[in-house]
Amino acid sequence: ARLEAGDPEIFAATDRSSSRRVIRALEIADAAGKGPVTYSQPLGIDVEYTVFGVNVARDALRRRIADRVAARLDEGLRLGQRLALVSAPAGFGKSTLVSAWVRDAGLRAAWLSLDASDNDPVRFLAYLVAALQREDGDLGRGIEADLHAGPMPTVEELLTPLVNQLAVCQDPCLLVLDDYHVITAQPVHDALAFLLEHLPPNVHLVIVTRADPPLSVSRLRARGHVTELRQRDLRFGAGEAAEFLKDTMGLALEAGDVA
């Protein structure tokens with residue numbers, strides 16, 4: 001077999017059976033930043049598609065996933081759930097999907113992208129307040145001073161005023177914590193657990209992560225307070241994968257060939 005990324009204007013696939021190789025060709029081309037590729041196998045029928053046509057079809061299927069995700073997140077807001085947990089390994093487009101939902105729905109969102117340095121609870125809370133203040137400058141007033149004024153107050157002392165300030169906000173507010181899997185410090189988990197437990201009804205927390213956080217998700221689930229979107233929700237279903245491979249790629253597949 002031969003795979004070349006570069007000059008050809010046509011994506012050519014000649015292979016009756018190996019649909020995974022065709023999809024891998026597309027993935028390699030995407031990773032290389034080079035759309036046009038040639039993949040050849042000296043078997044079977046010739047199938048030719050422009051890369052543009054393949055990408056359009058694939059994007060249409062991705063749009064279905066985005067619509068499904070948006071519908072689930074919208075439902076969580078409508079039901080007044082406290083938490084939306086978007087948990088899946090790297091590469092599932094979690095942040096992109098949540099960002100698209102926020103943008104398309106015209107929602108106000110305080111978005112905080114985390115990194116390993118945010119395991120310092122003072123830093124975490126300072127950036128949390130800063131994210132909220134980008135949406136409403138009155139939120140978190142006084143907390144910055146408390147964070148740096150001698151011995152750090154307890155989580156309850158720090159966050160109770162913030163909860164009260166959030167409760168009087170006139171508009172619904174989203175707080176999005178992206179890449180929460182980088183957080184390993186228990187004091188940060190404790191602060192978030194307190195905030196989550198006391199969130200007013202007009203505030204909705206969205207956690208985007210590669211692994212479930214050590215929060216009381218099961219208790220929230222039992223109360224009907226959480227929307228969970230996981231790996232199975234962020235990928236093509238079997239029918240969608242079959243549609244792409246058969247209708248767009250022109251591969252003659254049996255039902256058992258698509259897993």
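Heavy-atom basis, side chains included; hydrogens, waters and symmetry copies ignored.
The shortest heavy-atom contact between Gly137 and Arg141 is O-NE, 3.6 Å. In terms of heavy-atom proximity, Arg221 sits nearest to Glu228 at NE-OE2, 2.6 Å. For the pair Arg82 and His198, the tightest heavy-atom approach, listed with the atom from each and the gap, is NH1-N, 4.4 Å. Here the closest heavy-atom approach between residue Arg108 and residue Glu135 is recorded as NH2-O, 2.8 Å. Of all heavy-atom pairs between Leu195 and Leu128, the closest is CD2-CD2, 4.1 Å. Residues Ala191 and Val155 approach most closely at CA-CG1, 3.8 Å, considering heavy atoms.
Proximity of a side-chain donor or acceptor of Arg134 to a complementary backbone N or O of Ala110 within less than 3.5 Å is not detected. No side-chain donor-acceptor contact under 3.5 Å links Asp179 to the backbone of Ser113. Between the Gln165 side chain and the Leu139 main chain, no donor and acceptor come within less than 3.5 Å of each other. A donor-acceptor pair under 3.5 Å is formed between the side chain of Asn202 and the backbone N or O of Leu166. Under the 3.5 Å distance criterion, the side-chain polar atoms of Ser99 are left unmatched by any main-chain donor or acceptor of Ser95. Without hydrogens or angle criteria, Asp212 side chain to Ser87 main chain gives no donor-acceptor distance under 3.5 Å. Side-chain N or O atoms of Gln231 include none that pairs as donor or acceptor with a backbone N or O of Ala88 at under 3.5 Å.
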- Task: Kindly determine whether Arg210 and Lys94 satisfy side chain to side chain contact (heavy atoms under 4.5 Å, CB included), including the steps that lead there.
- Result: CA-CA 9 Å; Arg210 296 180 187 177; Lys94 302 179 294 295; 4.1 Å; yes
Trace of the side chain to side chain contact (heavy atoms under 4.5 Å, CB included) decision for Leu73 with Leu229: CA-CA 9 Å; Leu73 294 172; Leu229 290 164; 3.7 Å; yes
Does the pair Arg230 and Leu85 meet the rule for a side chain to side chain contact (heavy atoms under 4.5 Å, CB included), with working shown?
CA-CA 8 Å; Arg230 300 188 177 276; Leu85 178 63; 3.7 Å; yes
Stepwise side chain to side chain contact (heavy atoms under 4.5 Å, CB included) check, Leu77 with Trp101 | CA-CA 12 Å; Leu77 281 182; Trp101 168 63; 3.5 Å; yes
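Looking at Leu205 and Leu192, their side chains come closer than 4.5 Å, going by heavy atoms from C-beta outward. No side-chain heavy atom of His225 sits under 4.5 Å from any side-chain heavy atom of Arg219. Leu125 is not listed as a side-chain neighbour of Ile143, based on a closest heavy-atom distance of 4.5 Å or more. Counting only heavy atoms from C-beta outward, the side chains of Asp118 and Val182 never approach each other to under 4.5 Å. Between Val86 and Val69 the shortest side-chain heavy-atom distance does not fall below 4.5 Å. Looking at Leu132 and Leu162, their side chains come closer than 4.5 Å, going by heavy atoms from C-beta outward.
Atom CD of Glu156 has 12 or fewer heavy atoms from other residues, nucleotides or ligands within 6.0 Å. In the displayed structure, Tyr127 atom OH is contacted under 6.0 Å by at most 12 heavy atoms of other residues, nucleotides or ligands.
One distance of note links CZ of Arg72 with CG of Leu97; it measures 12.5 Å at 0.5 Å rounding. Here the straight-line distance linking atom OG1 of Thr209 with atom CG of Leu114 works out to 9.5 Å at 0.5 Å rounding. One finds the CG atom of Leu159 at 11.0 Å from the CG atom of Asn164 (value rounded to the nearest 0.5 Å). Here the straight-line distance linking atom CZ of Phe124 with atom CG of Leu147 works out to 11.5 Å at 0.5 Å rounding. In this structure, Asp178 CG and Leu112 CG are separated by 8.5 Å, a value rounded to the nearest 0.5 Å.
Aromatic ring orientation, Tyr180 versus His189: tilted (interplanar angle from 30° to 60°).
Each of Val206, Val176, Leu177 was checked for a side chain to side chain contact (heavy atoms under 4.5 Å, CB included) with Trp111, and the lone residue meeting it is Val176.
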